[in-house]
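By convention in this document, chain letters (A, B, ...) are assigned in the order of the sequence lines, proteins followed by strands, and residues within each chain are numbered from 1. Just so it is clear, the values below take in all heavy atoms, side chains as well, and ignore hydrogens, waters and symmetry mates.
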Protein chains: 4
Amino acid sequence: MRCGPKPASLPARSRVAYIPDLMAATTAPTAANTDDIDRLRAIGREFHGRGWSLGTSSNYSVVVSRDPLELLITVSGKDKSALGRDDFVRVDAAGRPVDGSGRKSSAETLLHCTIADLVPHVGAVLHTHSVWGTILSGADLPRGAGRGRLRIEGFEMLKGLDGITTHDTFEDVPIFANTQDMTELAARIRGDFAVLDWSAPGRPPCHGFLLSRHGLYTWGRDLAAARRHIEIFEFLFECVARSRMLPAGSHVQQQQQQQQ
Amino acid sequence: MRCGPKPASLPARSRVAYIPDLMAATTAPTAANTDDIDRLRAIGREFHGRGWSLGTSSNYSVVVSRDPLELLITVSGKDKSALGRDDFVRVDAAGRPVDGSGRKSSAETLLHCTIADLVPHVGAVLHTHSVWGTILSGADLPRGAGRGRLRIEGFEMLKGLDGITTHDTFEDVPIFANTQDMTELAARIRGDFAVLDWSAPGRPPCHGFLLSRHGLYTWGRDLAAARRHIEIFEFLFECVARSRMLPAGSHVQQQQQQQQ
Amino acid sequence: MRCGPKPASLPARSRVAYIPDLMAATTAPTAANTDDIDRLRAIGREFHGRGWSLGTSSNYSVVVSRDPLELLITVSGKDKSALGRDDFVRVDAAGRPVDGSGRKSSAETLLHCTIADLVPHVGAVLHTHSVWGTILSGADLPRGAGRGRLRIEGFEMLKGLDGITTHDTFEDVPIFANTQDMTELAARIRGDFAVLDWSAPGRPPCHGFLLSRHGLYTWGRDLAAARRHIEIFEFLFECVARSRMLPAGSHVQQQQQQQQ
Amino acid sequence: MRCGPKPASLPARSRVAYIPDLMAATTAPTAANTDDIDRLRAIGREFHGRGWSLGTSSNYSVVVSRDPLELLITVSGKDKSALGRDDFVRVDAAGRPVDGSGRKSSAETLLHCTIADLVPHVGAVLHTHSVWGTILSGADLPRGAGRGRLRIEGFEMLKGLDGITTHDTFEDVPIFANTQDMTELAARIRGDFAVLDWSAPGRPPCHGFLLSRHGLYTWGRDLAAARRHIEIFEFLFECVARSRMLPAGSHVQQQQQQQQ
């Protein structure tokens, strides 16, 4: 369906319309926004409690319409442990409010829109700020580079990511250098992601990405799948970071000491 | 009762029938499956909350019949924080569903069956995925080896494992290289475990095993005992890993610095 | 508004009266002390649960009057997980009780008063004792020095501090050597802080300070803002400390090992 | 009151009777055992949740009579997260049951009795098993030694221990080599503690001790004070252990790197 690299471009309108054969499998947009809102509020309470959405960090969205693309997304600057029913706004594919509420969506709305536009089947996008994601994305982005990758290899828990069926593999999580220029960042991500083949069945090219010293973006067919991806990535980040902290061969040394 | 190594073999039927003298002490199979189910659901909520059963990882079983051997086990791919009453299936000693529900049990059902078959008195088998178990089982399996061991030595908390009555001992937790071929893995475990003398009174040959970069299997006479074993192992894994991270002799250096 | 260094002095009366142009923006003192008290009790339960206010450590205050300056502050020596309605006392700018309750305020009351006096717009001051703040403030204060600083650089979460709008910056958190002489410490802090320009719009000179091996002071326009600052600082402290523990270049080594 | 070392001896009867001037200040024995029991059950639920009393580890007691000395203590081998009203037994100064219940008290009852006997004013004794206490008590006991000490120095949180009024001090926590012979261990502790002057007003000689790779004993005038001591020690253990893990001078290196 995708025949080659696409030029980086700002999201004008949803390109999902060009992939009609995928539409059938797309999660039906939920008319009942109240349910979506309450589910997102529960995500906020949970993720705050787990240390992934502290302060006013993080933003969450669900795709409420595919044609045209529309997302329901958290309003900018809210404490995620106490989201109210009015702390959400409906935006179009370019991140512009379309519900007449006058609410301002998160500064990172454009990233949600870009993901929902580029990646087929996306029903929800979650962005969180965890300690492990923050320090690994800082450590593994080469100094001065615009992009890097965090390799996660050999863990059974990789199977918690959609389409992965074995531990005997690796997931390279793209790391993008952080910026406050969301238009530029959205274009950078679009440039990298548009060359990937998202339409092949089975395992997708990737399941999420990191912004360096900032946080994680992941997504899923619906909110439950996106939440599972957050949970899986956070577990894997902690495994990777703690494994690095574990002295290599230390168990052998320790055993030799004990035998002395 | 066991006179030597047994050849690795697939579980055809329960061998527990050959150990009638142990049967009397076996926990009586619970007819009230509803109670078992609710207890397993509570385990799921608790273990998810403690970070040991994230995503759709982990599986839990209880032995509901000994002759023939039958287990009640979690259905494949469920979020353990929200198990429903229908997320369980009854299987026979070969892991085949016997309750006509058409539900698919976890891919690792065969490991539960193998343990319940080989180890006398087992009333429940719990499999979890924790960070500490994951990284230690990766660190202590020699590269390319099919098996290794994690030694846990000198801790008072070892007494939380059945039959251990002193801290002045060690527990070698077998580590098996991970695989997606459950038939092969079950045979490998059976091969190793069948040569051990499980029928001697007192301390059993081992209380659990690790799959490398995957997780922990442990068991107990009943669900409470298996849960306690999980809790004890997780505590000990954390002690072992953090001890390795603690610089040796650092307290002496620090004290010398303070005295300068 | 501030034209140069001010001599260190004990807080005699509020100097906020000298900054009338700031008064308009000041949070209106809440008459309803009961609400303030219940909010501070909730902070105590939450912060105890998060490990930031263990034992009888920590103290919290809200500004209840600006002219004259008066604070409602926790009584000395209380378990923060179970603050009662009577565990608060109203004090003046010098930390003296003014509510006739005969209650003794925290020994560190003078620090709260100093902050509320020096920093415009402060509606609440929170002091906590966390593990990460304790060890970093010990590690980064040069031996024998009276002051030091903890640099926090390049994190997106810095934007959770009032007036910071980019990750591409650093926050130097002042560290003061600990003492039991609160009069001397208040004077030392006043001396350092009085030379800073707190009246400029936008980002303030700092958002909090550490007492070495002791804890964090931060503040905000109201209690919610101060609570957010605690949460942000704690997240950043953990990121800084864990980043230091992560072996530099370890991911490269690990990948090379994996490729062997 | 204590004029010199006392020979190590098994607790025959309470020696508190010899210190009548301290009796007045002693917490009055609570007749209402039901209240004590419910408070200890709450401690169990809380400490299990905080990871300090996993499996069937830990034991808790309150002094219910001083003359003769009697303690109410947890029954052996219970899950501390779910203590029932019958999971307690009343024992005398030698650890013998005196309530006719036929219940078996914890194997470590003798240590509780020894502490309650030797240390004036003790109203409650708490014994817990935490990860940090376990690994530090293992690291700081010299190999083969019967005793060692963990030095905790310079922390404000030391003031959470009874009678400590400044951070500018240290607490040496005695570490005793672990054993399963409680009679021998009680005698060893008695031997060390009896030479200390517990009757001087103000700060006591120590506030708790560690059993190597086993756990912490601490106490207090009443259960709330003993609980506070546990909380303070656990915080301090974590600070000490994590400080050792923090590379020395790492912040300077990191800053130099950042400036390159």
Side-chain angles (χ1 to χ4, degrees), chain A residues 48-49 51-58 76-82 107-108 127-143 148-154 170 172 175 177-181 210-216 237-238 240-249, chain C residues 39 42-43 46 49-52 130 132 152-162 164-170 207 218 220 222-260:
Chain A
H48 181 275
W52 302 336
S53 294
L54 301 181
T56 56
S57 74
S58 301
S76 179
K78 297 292 175 181
D79 176 347
K80 295 305 176 295
S81 70
E108 296 176 38
H127 169 49
T128 49
H129 294 202
S130 77
V131 168
W132 297 115
T134 297
I135 71 172
L136 285 174
S137 62
D140 286 17
L141 183 74
R143 192 171 300 275
R149 53 115 171 138
L150 171 66
R151 176 158 294 189
I152 304 173
E153 185 162 7
F170 59 84
D172 277 345
I175 306 173
N178 197 20
T179 178
Q180 298 305 315
D181 182 345
L210 286 160
L211 302 182
S212 182
R213 297 194 177 208
H214 176 158
L216 170 69
F237 293 163
E238 187 174 346
V240 168
R242 289 203 193 273
S243 283
R244 292 185 191 177
M245 292 173 180
L246 203 64
Chain C
R39 277 191 284 263
I43 287 282
E46 179 188 355
R50 296 171 83 170
W52 302 336
S130 77
W132 298 114
I152 305 173
E153 185 163 8
F155 294 105
E156 177 76 9
M157 279 292 244
L158 285 164
K159 290 168 61 186
L161 302 178
D162 270 346
I164 297 188
T165 56
T166 177
H167 67 286
D168 192 12
T169 185
F170 59 84
H207 298 82
T218 187
D222 53 24
L223 191 55
R227 171 181 174 270
R228 194 187 74 236
H229 280 173
I230 288 279
E231 202 167 81
I232 294 289
F233 272 126
E234 287 303 332
F235 177 89
L236 292 168
F237 293 163
E238 187 174 346
C239 285
V240 168
R242 289 202 192 273
S243 283
R244 293 186 192 176
M245 292 173 178
L246 204 64
S250 60
H251 66 293
V252 179
Q253 290 172 17
Q254 203 170 40
Q255 286 158 16
Q256 287 173 340
Q257 280 189 333
Q258 286 164 356
Q259 286 159 7
Q260 283 171 5

With respect to chain A, which residue among [options] yields the maximal number of heavy-atom pairs within a distance under 4.5 Å?
options                                : result
C/Arg242, C/Arg228, C/Glu238           : C/Arg242
C/Cys239, C/Gly160, C/Ala224           : C/Cys239
C/Met157, C/Lys159, C/Glu234, C/Met245 : C/Met157

> Under a 4.5 Å cut-off applied to non-hydrogen side-chain atoms, are C/Leu161 and C/His229 in contact?
Replying inline: yes
>> Could you work out, with salt bridge (charged side-chain N to carboxylate O under 4.0 Å, His left out) as the rule, every residue matching C/Glu46, not counting sequence neighbours?
In response: C/Arg50, C/Arg227
>> What's the separation between atom CD in A/Glu153 and atom CG in A/Asp172, rounded to the nearest 0.5 Å?
In response: 8.5 Å
> Measuring heavy-atom distances to chain C, does A/Ser81 have an atom under 4.5 Å in its side chain, in its backbone, in both, or in neither?
Replying inline: side chain
> What residues form a ring-ring contact (aromatic ring centres under 6.0 Å, His included) with A/Phe237, not counting sequence neighbours?
Replying inline: A/Phe233
